[in-house]
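Keep in mind that the numbers below use all heavy atoms, side chains included, and drop hydrogens, waters and symmetry copies.
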Amino acid sequence: MNVGNVSLLFGGVALFLNSLVLLGKVDMKSAGVFSLFTGILQTFIATWLLIGASPEEQFGLASIYLFSFTYLYVGVTFILNLDGRGVGWFSLFVSIAASFYGVMAIAGGDSMGALTWFFWSLLWALFFFGMGLGRPNEAITARVALVLSWLTLIVPAMVGMAGLMNGLYDMIWWAASGTAVLYFIVSVKRTKQAVEVTS
């Protein structure tokens, strides 16, 4: 079992809980505790994997810190009820970094990895607009986070741990990704219509 999949799995669960916070289904401090635990776990895993890794491997493994520090920051912010603008502006940096990893994945011929990174870049960008700039986008951010927690983290981690990565999984993942993109577009349009009606 790849220990990196453990990091992905718990990162997905933490993101799922945080999406439910935005939807008003889970208490913020309660989700913050899990985010804090996840951040600590991911930081430990990333550091453990980096020890003795080659320079090429270090580039990929270092990306785990993008997640772990996000969850640590979110966890502390939720638990202590801090101003979220710091998390928002940190998310801008992570969104840019994720885009860079996406470009590098394209250069390496990993189209699935590239799309995954661009999905994450989109999500962190939404956190930046919502928390950093204070724009009301909780409805869209919650839906994107909810979908991506399963599409890009929980399911791939479980499939990877089970050793079921194959061509069939790839086909299903691409179909699910296309559906997710359509869902995001429809959600944005419905949210805009709802805002226009209320205004």
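- Between the side chains of Ser99 and Ser121, at least one donor N or O lies within less than 3.5 Å of an accepting N or O.
- Each ring pair (Phe, Tyr, Trp, His ring centres under 6.0 Å) pair with one or both residues in residues 6-35, not counting sequence neighbours, appears once here: Phe16-Trp150.
- Judged as a side chain to side chain donor-acceptor pair (under 3.5 Å), not a single pair has a partner in residues 154-173 (not counting sequence neighbours).
- Checked against side-chain hydrogen bond (donor to acceptor under 3.5 Å, both in side chains), Tyr101 has no partners two or more places apart in sequence or in another chain.
- In the displayed structure, Phe59 atom CZ is contacted under 6.0 Å by more than 12 heavy atoms of other residues, nucleotides or ligands.
- Sorted by first and then second residue, the salt bridge (charged side-chain N to carboxylate O under 4.0 Å, His left out) pairs with a member in residues 69-86 read Asp83-Arg85; sequence neighbours excluded.
- Residues passing the side-chain hydrogen bond (donor to acceptor under 3.5 Å, both in side chains) test with Thr47, sequence neighbours excluded: Tyr65.
- With sequence neighbours excluded, no residue forms a side-chain hydrogen bond (donor to acceptor under 3.5 Å, both in side chains) with Ser149.
- For the atom pair CD1 (Ile51) and CD (Gln58), the distance works out to 11.0 Å, reported to the nearest 0.5 Å.
- For the ring-ring contact (aromatic ring centres under 6.0 Å, His included) test, no residue two or more places apart in sequence or in another chain qualifies with Phe119.
- Looking only at side-chain heavy atoms (C-beta outward), Tyr71 and Leu15 come within less than 4.5 Å of each other.
- Contact of the Phe129 side chain with the Ser91 side chain is not registered, since no non-hydrogen atoms from C-beta on lie closer than 4.5 Å.
- In terms of modelled atom types and a separation under 3.5 Å, the side chain of Glu57 and the main chain of Ser54 share a donor-acceptor contact.
- The hydrophobic cluster containing Val103, built from Ile/Leu/Val/Met/Phe/Trp/Tyr side-chain heavy atoms closer than 4.5 Å, also comprises Ile106, Phe118.
- Contacts of Ser35 classified as side-chain hydrogen bond (donor to acceptor under 3.5 Å, both in side chains), with partners at least two apart in sequence or in another chain: Asn18.
- Under the ring-ring contact (aromatic ring centres under 6.0 Å, His included) criterion, Phe67 pairs with Trp120, Trp124, sequence neighbours left out.
- Val186 forms part of no hydrophobic cluster, judged by ILVMFWY side-chain heavy-atom separations under 4.5 Å.
- Under the rule for a ring-ring contact (aromatic ring centres under 6.0 Å, His included), Trp174 has no partner lying at least two apart in sequence or in another chain.
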